[in-house]
Amino acid sequence: MARGARRGERLMRRADTPAEAAFREQARRWLAAHAEPRRPSGNWSDGPQPHTPENERAYFERCRAWQRTLFDGGYAGITWPRRFGGRGGTPGEALIFGQEQARFDVTSGFLPASIALLGPALMRHGDDAQRERYLRPLLRGDEVWCQLFSEPDAGSDLAALRTRAERDGDGFAVNGQKLWTTSAQFSDRGFLLARTNFDAPKHVGISFLLVDMRAPGIEVRPLVTAKGDRHFNEVFFTNLRVRLEDVVGGIDRGWEVAKTTLANESVMIGTGRQRLGSVASLLREAQRSGRFADAALRQQLGAALVEERVLGFLQDRMQEAVLEGQRPDLDGSVLKVLWAESRARKAEIAIALQGAAGLLEGEDAPQGGFWQEQWLDRPMGTIGGGTLEVHRNGIGERALGLPREPRPDRDVPFRELRAPSGAPGRDGGD
Amino acid sequence: MAFRLSSEQQEFRELLRRFFAEQLPSGELRRQMQSESGFDPELWKRICSELGLAGLGLPEAQGGSGFGFAELCLALREAGAVLLGAPLFGSAALAGRALLHAASEPARARLLPELAAGEVFALAFVGERGDWDPREAGCEARERRGRFALSGAQQIVLHGHTAERILVVAREPGGAADARVGLYLVEGSAPGLTREALRGLDLTRRCARLRFESSPAERLDAGGDTAAALARALDEARIALANEMLGGLERVLETAVAYARSRRQFGRAIGSFQAIKHKCADLLIATEASRSACQVAAEAVDDADPELPLLAAIAKAQLSQAYSHAAQENVQIHGGVGFTWEYDAHLYQRRAKASEIFLGDARWNREAALQWLAARAAASA
């Protein structure tokens with residue numbers, strides 16, 4: 001076999017076995033019959049423009065509709081077992097389908113993310129009734145799910161969460177507040193971490209609950225980001241009723257389930273390839289505007305080029321491992337950090353290339369404000385899905401075997417921990 | 001095989017790692033670096049005859065071992081991990097690629113087997129201005145009745161003071177900016193050749209300044225665009241050097257992390273403090289990025305990839321940045337002990353800095369990568 005043809009576009013072609021080639025052809029035909037090819041600009045799948053609540057709602061509905069089309073066509077959950085509504089295919093096929101789908105003006109928006117977070121956790125930790133009841137509607141987008149994890153005083157230190165679920169008759173009553181909940185306003189259901197035992201150490205007294213977002217006792221308040229969109233929400237619980245059969249993985253044992261979802265989170269967020277805004281496009285812009293003559297700017301562009309290509313090589317390396325059915329020898333957090341930093345640096349350069357108009361935003365800015373939006377959106381890479389600092393801890397501890405920081409709060413009953421400033425003391429204790 | 005090494009490559013790597021660990025412990029390295037050549041000729045002989053490393057990446061008909069350039073890069077990676085002073089890079093890779101690409105067919109057939117067998121060839125191509133463009137070479141070649149003589153001076157010639165054979169890049173007389181360049185062979189013992197060992201930052205790889213006064217030379221190139229052939233050779237040498245640097249980078253990371261795990265202050269391992277842990281994490285990120293850049297570039301040579309000049313510049317830019325930085329961070333993580341003569345950290349720092357500069361630093365290679373992309377865009381427009 002030729003040793004070449006393994007980078008970027010060429011990687012996928014070389015990797016095709018006859019069966020994969022047939023699958024690619026079949027996927028291509030199906031996509032052509034169900035979707036429009038991408039155009040140079042004006043694709044609905046690039047996101048709602050401008051970010052009004054109406055546009056965001058309409059965008060969400062189109063994403064959901066596409067997920068249903070995928071499911072009905074047999075292309076949702078390509079690696080999921082058939083009994084849960086998946087295709088029972090290989091990781092290579094999932095990769096191929098993603099590559100082919102990227103040529104079309106379609107997207108399922110945030111749905112694949114929540115499917116990838118909850119699906120494996122339910123398959124691994126859920127009971128038969130839960131898997132039977134929830135997995136199919138999850139995969140088809142008939143029930144849209146949000147992740148109810150972070151709290152005002154439990155961000156990087158997620159296990160410090162204080163939302164409590166107390167036994168109440170044949171179920172639980174939940175009280176507390178969640179924060180940074182992606183797309184809660186569109187969600188039918190949520191998976192929630194709540195404290196069920198205040199006498200156990202912080203990681204041990206948590207349960208993983210499935211809740212109905214339409215139930216009384218839940219209030220969702222959109223949180224407008226610095227960018228101006230409503231990506232996140234605050235979610236408040238007041239005596240929300242949760243049934244006993246909606247506990248996943250056992251009472252007080254939710255942290256194990258949460259770890260399964262978190263493991264998927266960093267890999268997912270770190271590996272998205274950017275469709276727009278390559279260094280090649282910045283180079284064209286620099287030549288058009290005459291700023292290519294600026295040696296300092298060329299240095300920045302050159303550095304961004306190196307970073308972009310190297311990141312591509314690392315993604316190819318990950319994909320190659322997936323295609324060969326092996327565990328990647330690369331820590332997902334490495335990709336995540338590089339991706340977030342590369343994206344942020346490119347936005348800085350792109351804005352510098354725009355000269356005076358770089359200080360504009362939205363419709364008034366060059367390219368409809370694409371780069372200003374990328375620039376404002378920087379925290380989605382550097383904070384979302386775990387801050388880069390938390391990821392660096394993970395790299396140090398998982399990949400390099402460095403010792404953890406001492407954690408004096410780890411083995412102490414939760415109720416004995418000092419409440420963070422601003423939070424009521426001894427909550428849950430009475 | 002792509003990113004994952006094949007089992008043969010893995011075995012080859014293990015074998016070399018054991019060999020170098022046995023042959024070149026720190027005390028031995030320090031003994032060799034005191035010597036005139038900077039390496040042990042006996043060890044170099046074994047590297048060539050027993051392991052066949054100088055023949056990696058060469059055609060089998062010309063003394064090559066049948067393995068590819070990717071395998072040469074693997075060998076360099078292991079050599080770089082122990083700061084090998086012998087001319088695996090300088091002769092087998094740098095001079096070897098120049099012969100392979102710029103010499104005529106008969107010259108290759110005669111000289112490559114000698115190079116593969118362990119004769120040390122040095123490549124002299126850096127003029128007084130200190131550029132990496134072979135057209136800026138510091139020598140002129142004059143022809144008289146079919147015989148050539150070289151005059152001028154070249155600096156930073158790796159192993160130039162002890163090499164048996166010198167490959168010299170020289171311009172035709174006239175001094176015009178577009179004067180054509182050729183590749184010439186000068187014997188180390190040639191009349192009119194003065195060789196002066198230079199004191200380099202890198203104590204484990206020696207270089208020299210060579211002065212030529214009407215030194216008799218043999219022209220090796222067959223005419224044609226020798227400057228382009230040499231540019232290609234230097235791009236491949238960049239990839240080879242980047243892979244050698246990768247080996248050093250990996251060793252530096254390993255050393256830094258081992259120290260961060262074992263050194264205790266304030267009652268705990270210093271690697272448990274985020275200030276140190278995050279430094280180590282950043283070193284791993286840079287190392288993973290470097291691994292992928294080096295592997296992709298090494299394979300591009302065997303595949304004759306049209307993007308080779310871009311991939312060479314990317315790999316060298318990445319390693320020039322990453323290796324020097326890591327070598328400095330390693331000293332920082334070690335604290336005072338890292339700054340002592342007897343500790344090897346400074347030897348890595350010195351090698352990293354010299355390798356960072358040789359064949360273009362990160363700044364030079366970023367510019368080269370960008371200009372290549374711009375030229376391609378212009379050509380396809």
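All chains are named by letter (A, B, ...) in the order of the sequence lines, taking the proteins before the strands, and each is independently numbered beginning at 1.
Tested against B/E288, the residues A/L330, A/D329, A/L338 include a single side-chain contact (heavy atoms from CB on, under 4.5 Å) partner, A/L330.
Contacts of A/L400 with chain B are made by both backbone and side-chain atoms, with heavy-atom separations under 4.5 Å. Only the side chain of A/L283 comes within contact range of chain B, with at least one heavy atom under 4.5 Å from a heavy atom of that chain. Heavy atoms closer than 4.5 Å to chain A are found nowhere in B/I276, neither backbone nor side chain. Interface residue A/E389: backbone and side-chain heavy atoms are both found under 4.5 Å from chain B. Looking at B/L284, only its side chain comes within 4.5 Å of chain A, counting heavy atoms on both sides. Contacts between A/Q299 and chain B at a heavy-atom distance below 4.5 Å involve backbone atoms as well as side-chain atoms.
A donor atom on one side chain and an acceptor atom on the other are found under 3.5 Å apart for B/S324 and B/E356. Residues B/N330 and B/H334 bring a donor and an acceptor atom of their side chains to less than 3.5 Å of each other.
Considering only heavy-atom pairs separated by less than 4.5 Å from chain B, the leading option among A/A399, A/A303, A/A295 is A/A303. Residue with the most contacts toward chain B among A/N393, A/V279, A/L388, A/V337: A/N393 (heavy-atom pairs, distance under 4.5 Å).
For the pair B/R268 and B/F273, the cation-pi criterion (under 6.0 Å, within 45° of the ring axis) is fulfilled.
Residues A/D409 and A/R407 are not paired through a salt bridge, judged by the lack of any N-O separation under 4.0 Å between the basic side chain and the carboxylate.
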